[in-house]
Structure formats: C-alpha cells, structure tokens
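These figures come from a predicted structure and were not determined experimentally. Throughout, protein chains are lettered first and strands after them, A, B, ... in sequence-line order, and every chain is numbered starting at 1.
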Protein chains: 2
Amino acid sequence: TRVKFPVCPATRTYTQPIRFQSVPTPTNFGHTISTMASKEPAPNCKVFLAGTIAKGLLAEVAEGLSKLDTKPKLVGFLANDDPAARMYADWSAKTCIENGFDFDLRIVGKEEIEERILAANTDSTIHGIIVYYPIFPRPSGQDRYIQQIVALEKDVEGLSHRYVFNMYQNIRFLDLPTNSLKSILPCTPLAVVKVLEYLQIYNSILPYGNRLFGKTITVINRSEVVGRPLAALLANDGAKVFSVDLDGVQIFTRGQGIKKSHHEVHVQDESFTIKDCLPISDVVISGVPGDKYKVDLSLVRDGAVCVNFSSEKNFDSPAVKEKASIYIPAIGKVTIAVLLRNLLRLVQNQNAGKKVVEGGQETSNGSVSN
Amino acid sequence: TRVKFPVCPATRTYTQPIRFQSVPTPTNFGHTISTMASKEPAPNCKVFLAGTIAKGLLAEVAEGLSKLDTKPKLVGFLANDDPAARMYADWSAKTCIENGFDFDLRIVGKEEIEERILAANTDSTIHGIIVYYPIFPRPSGQDRYIQQIVALEKDVEGLSHRYVFNMYQNIRFLDLPTNSLKSILPCTPLAVVKVLEYLQIYNSILPYGNRLFGKTITVINRSEVVGRPLAALLANDGAKVFSVDLDGVQIFTRGQGIKKSHHEVHVQDESFTIKDCLPISDVVISGVPGDKYKVDLSLVRDGAVCVNFSSEKNFDSPAVKEKASIYIPAIGKVTIAVLLRNLLRLVQNQNAGKKVVEGGQETSNGSVSN
C-alpha cells in the first residue's frame, strides 16, 4: 500500500476545513466515460505526476550540493502531537537523507520552542530550520510570532516577513543592486511555479519575469500561506490571476502591457464569481482542503491546464481528463524538492559571506526560476 | 534602401484586393504612445523578425543538404509579366543559391507552359518545380489545371490535389503505413506553423499532433491558398480556430478533448463576428491584402500573440506593442526557408526510391514539424 502524502500542517492552519460547497459533477461526463471504452476515442489529456516533475529539481539540487564543502544540515522542530505534522516531519527527514542532506528532528515542548530556535539560529553547524506548525492555538497569532524568530538566513520555508515582503513586492534579491543573494520563496507556491515552468506554461521565449504574459490563471484558495502568495507570484511573472475564495474574487495583475513592476489587486464585487473566471482561464489551480469541493468542470475551458495542490482531489479524476489538455493530480513531491532547493540556496547565500543588506526596496524584475 | 519583400503572386490571385473595411485605431492608443517616452514604461511586447526565425530552418536545411550526393535543382517557370511575380522569382533564386541549391528560371509563353512543365517532370536533373502564378485570367480556373500538371514528387509548393487532400485530412505521410515519405505542406501556411513552433505556442510537452490543444486562434483570411489551409493545419494540431473572412466566421476544431482525428468545420451565423473571436483568442493571425485593413486592437486580448502574414501591416505597429506579448510583423523569409525545406524533402522522398503508394486514406496523427 502506498503512503498517502501528508498535508503540510501550516497549510491547514490558515484555511477553513471546507471552504466551498460541493459542486455535483454534470451527468454528461458520466455518460461519456461509461461509453468511452467501447465507442469514444481516449481523451487526449496528458497527466504528469509530481515525482516526474521533481526529478529535474532534485538533479539541480544534487549538482549544487556537489559543489559544497560541507553537508548542509536541516533541523526540524516539532512542538505538537499532530500526527499529520509528524508524518510531514518524517517525509522531510526521508527526502533530506535520500538526497544527501543531514536532517535532525527535535521534539520540543511548546514552552521551550522560542529558546530552542534562538539557539539553532546561532549554531553554525545548522544551515536551515523548519518548524512544524500549528504550535499554538490559531486565534492567539503566536505561531506568526514564532515564524519571525527563525533567522532570515536559515528560514528554509520563506515565512520571515522580509521574504514575504520581497515576494509581494516582486523583489528577487536580498542585496540590491549587487543581486548575488536570492530571496527565498515559500515552498508550496514556488512548487506550483516550478510545475508551470515544467509544463511550459511559462514561455521561455519571453524575458525573465514576464514569461506568463498573456496567460489567464484561476487560483482557488486565497490562504495566507499558499493561495495569496501564489496569486501574487504568478501575477508578478505577468499573468492575469483570478484569486477565488469564499469571500469573493480578486484580480491580481500588472495591468495592460504588464507595465507595472509588480502586481496590483482589484477586488471584484459579488456579481463576479468563479463562473466568470473558469471559462476564460488557460490554467486552473485548486487547493481547497477537504474532500467535498470539486471544481465545476462544465465551466472549465476545453484544453485548459488543471493543477491540484490540495491533499484531496479537487478535480473529478476521470471527468477532468475529458476536458483538460494537461492534469496534475498532486504537487507534494515537488514541494519537498523545493524545500531542499531553498535549503541549498540558504547555504549558498551563507557561503557568499556577505551581510544581508537590509532595506533594499527596489524591484529587480528577474525570474522566480533561477 | 531596403528591398520590400514581394507578395507571393499566388496569394494575390485568390484573395480580394481589399477584403475588410478599415478599422480606425482607438484614440487612447495614440495618447498612450505620445506620452510613453516621458511617463509610461516601455511596453513588454517582444518583436521577432522573420529572418531570426528562419535561421533555425535554414540550418536544418543545410544539415540535410550536406547528406546528399547531388545539389538539388529547383526550376521556376515565369509565364507572365507581373513585376511582383518577377521579384518573387528573383528572391527565390537568390535564397536558393545562397543556401547551396541550384536554381534555373525559365521564362516561357503562356501557350507553352503546359508542355514545358511536362518536360521538367521527366527531366531527372530537376528536383523541384515552382510556377509563378497568376498565368491565366482568374475566372478561367486554368491556373488550377496547371497546378495539377506539376508532378507530385516535384511539387515544392504542395499545391497538387493529393497534398492538399492529405493536409485537410490530417494525413502526414504518402506511404501509409510505412510512414517514410512525408507529405508536402503549402509554404505560407507551413511558415506560420513554424513561426508558432518557434514562439513555443506549440507546447512540446504535449504529444506530436496535439501540441496546440487548448489554444484558441483567430485567422483573418480564408483564401484557398493560405487562410483556409492554415486554419485546417492549426485545428488538426489541436487548436480551436476562428477562421474569419468577409463571408463570415467558421470554427475549425477537432472537438472537445480533440478526440476527432482531423478537424471539422462549423459555419457560424451572421450574428457571430470577429468581435466575438478576438477577445478570447490567444493568437491572432492576419493576412488581409491591401493597406486599408487594420485589426481592431481594442478587441484583442491583453498579452495575445499577433502574427501578420500580409505584405501590408494588418496591425498598427506602435499600438500592437502596447497590447501583445509577442508581435511578428512579417513572415516572408520563413516562407522562403520553408520552400527550401520542401525542396529538400522532395529530394529525400525521391531518394527513398519508392513508388509513392497511391490512395492511402488513413490518418497518421504525427506532427507537422518533422
């Protein structure tokens, strides 16, 4: 039996358990499928698994690793008894070790988490720190305080305010204008970007930073840890993004001719819904937690690219293949590969031996991809 | 002064001198441009010239040529005193010789054209034949008769009925099921395909023959020599194509999930016009003769790819750059490169030494590109 890929607990913390009502699958899909084997030709949807897409990233990580003198060490702090968090910790451990990194899981009490992180911050044998959330009850907001405790140069998840600020402002380096130290991007949103690069939705004939120009993308989920940063990243790369959640639709865009250096957000009124977004979207990305929500495929454009980043299937699996040109059922293995890539980048930044210049506010319109 | 790239006379023969009314450019574009230098950032439209795109094709031709024992010879028949036809003949001569082919221009009388072509058909020193149309007055239909006189194995323009039939039926080889002899595609439509491949509108992660799945393309011009075959080629490769001309809009498509082996044509009623096509098109391809017609850019989707194959500018040049992600002002040099590529392919087919199997009607869903 296969191990079910765990949900990142951080993702679960900030999203509602079930954000959308269930949409019944149109019956005509069922009909098409039932007669498919006998009469209908097979659909032309191409399905790519995350493991396949992750290979290139892991090869890139291996090459970077081979140029280092020391074996980078990631330390994970687990301060809860959430079985999903434990499973995610075990997965990060396994993937780290398989790919030539050291991993040290430290199980600590809630009351000592702050001191233990501070100690790890100054321990020169530790190169990256990952904290498995949730730790404190959500209403307290204390987890966000803990996120800011992790040293900038060891924050493998890119959750420090500086990294988050840079991402939203489309600032891609820490040391402007030298541009030798890359800013760190959050793992799951960056994993989706890497998936879209692999699928050539990013058009490499366009300049870095503009490679989604002309693409219309719907992102279903606007959580602070995944959906909203993802919409921002895609819009900063040139896409027009419909960010959809229970509280409405927002358009993230750099405007006509993508002349703005970073995206702006236009909140739509209630009359503009997901029904207006899906028929004109080249790419539909969905990450709604829970097994109730299904994207209404009758609204999706024929030949669209469909990407699921929820741990549950947001796209009805036989039906989506009748309509999509490309379908990505899950991205978990890409997310873990991106985690290692971030760790490598932290080590490279540390080795550059430069003090991170504080307060660089200019926009460097490079690419997320390099 | 630069030599103006000539219009292929064949194209001019079958299209109306001016097929569309002029569309005034919206005044807001003018405003944007006039203030651009001082206040507005430069637009992010990427312009590619045909010469750049042709390079790869010419390199491919050079490589194929280096493997041949003999220098292929193209013979051109000029049986009119049209200066544009003469200019096109001179251009083909120049490009042939520059790229290592022999070229022989034969100026003949209308009354002897048929006999001269028949003689060339059986002359083993001649590998390809091109005829510069128009020869006879258009209403007579006699030029179409002449097109069928050219031997199939020497028809570098792909105008023989067999080639045309194969193209519409999405049959990509002459010798099914062996599939060693490639069918020849008409130069200008194939040049547009090559442009779209270069621009990565064809997504190479999808299987051969389906690489435009999910793309919506408007083709303005439905002439028999360019517009209609182009719409068919693009639809056969998976696109949904709006074919627009004075007599209305037709949709060329392989249907939902592109399950059909070749395209079907759906004639739209008068209420469906170019205004319904442009806002939802990823790519807009225009080839309207004459200098009066301009594509209404206010209807074009932000970030669309715009390709002009008319000898005149169908897109207002500063304005299109304010809206398009990619703009191709002309494709003439790609068309000539495709002509040489077709000639090489004819020689390769001739060298395969096989009798072309007549009557292969099955569809081989390979790619146009190889």
Side-chain angles (χ1 to χ4, degrees), chain A residues 28-29 32 36 39-46 48 52-53 196-207 209-216 238-240 253-261 279-283 297-298 300-306 319-326 365, chain B residues 28-29 32 36 39-46 48 52-53 196-207 209-216 238-240 253-261 279-283 297-298 300-306 319-326 365:
Chain A
N28 65 314
F29 284 115
T32 305
M36 205 179 73
K39 288 174 188 172
E40 289 273 326
N44 280 301
C45 179
K46 184 110 178 167
F48 292 95
T52 309
I53 301 173
L196 297 187
E197 284 181 347
Y198 180 88
L199 300 177
Q200 303 182 31
I201 309 304
Y202 276 74
N203 189 343
S204 62
I205 208 157
L206 293 174
N210 292 344
R211 291 182 168 173
L212 289 179
F213 186 22
K215 296 294 190 298
T216 304
K240 178 179 182 181
T253 172
R254 282 169 54 199
Q256 184 180 312
I258 55 168
K259 292 187 179 180
K260 298 195 172 67
S261 60
I280 54 173
S281 289
D282 306 298
V283 182
L297 290 165
S298 71
V300 171
R301 171 178 166 173
D302 192 36
V305 173
C306 295
V320 68
K321 293 178 196 166
E322 294 291 310
K323 202 136 190 202
S325 59
I326 297 174
N365 207 353
Chain B
N28 65 313
F29 284 116
T32 305
M36 204 180 73
K39 288 174 188 171
E40 288 274 325
N44 280 301
C45 179
K46 184 110 178 167
F48 292 94
T52 309
I53 301 173
L196 297 187
E197 284 182 347
Y198 181 88
L199 299 177
Q200 303 182 30
I201 309 304
Y202 276 74
N203 188 343
S204 62
I205 207 157
L206 292 174
N210 292 343
R211 291 181 168 173
L212 289 179
F213 186 22
K215 296 295 190 297
T216 303
K240 178 178 181 179
T253 173
R254 282 169 54 200
Q256 184 180 311
I258 55 169
K259 292 187 179 180
K260 298 196 172 67
S261 60
I280 54 173
S281 289
D282 306 298
V283 182
L297 290 165
S298 70
V300 171
R301 171 179 166 172
D302 191 36
V305 173
C306 295
V320 68
K321 293 178 196 166
E322 294 291 310
K323 202 136 190 203
S325 59
I326 297 174
N365 207 352

Checking heavy atoms, do the side chain of A:K215, its backbone, both or neither come under 4.5 Å from chain B?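 Looking at A:K215, just its backbone touches chain B.
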Give, as side chain, backbone, both or neither, the part of A:F48 having an atom under 4.5 angstrom from any heavy atom of chain B.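 Answer is side chain: those atoms of A:F48 sit under 4.5 Å from chain B.
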Residue, of B:V305, B:L206, B:I280, that accumulates the most heavy atom pairs under 4.5 Å with chain A: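 Looking at each of B:V305, B:L206, B:I280 in turn, B:L206 comes out on top.
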Can you tell me how far apart [atom1] ([X]) and [atom2] ([Y]) are? Round to the nearest 0.5 Å.
| X | Y | atom1 | atom2 | value |
| --- | --- | --- | --- | --- |
| B:N203 | A:Q200 | CG | CD | 4.5 Å |
| B:I205 | A:I201 | CD1 | CD1 | 8.5 Å |
| B:N210 | A:C45 | CG | SG | 11.0 Å |

Would you call B:D302 and A:K240 a salt bridge, using N to O less than 4.0 angstrom?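 No salt bridge links B:D302 with A:K240.
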Measure distances from B:L212 to the heavy atoms of chain A and classify the residue's part below 4.5 Å as side chain, backbone, both or neither.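 Answer is neither: B:L212 stays 4.5 Å or more from chain A.
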Can you tell which part of B:K321 gets under 4.5 Å to a heavy atom of chain A, answering side chain, backbone, both or neither?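 No part of it gets close to chain A.
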Residues in side chain to side chain donor-acceptor pair (under 3.5 Å) with B:S325, at least two apart?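 Counting only residues at least two positions away or on another chain, B:S325 forms no side chain to side chain donor-acceptor pair (under 3.5 Å).
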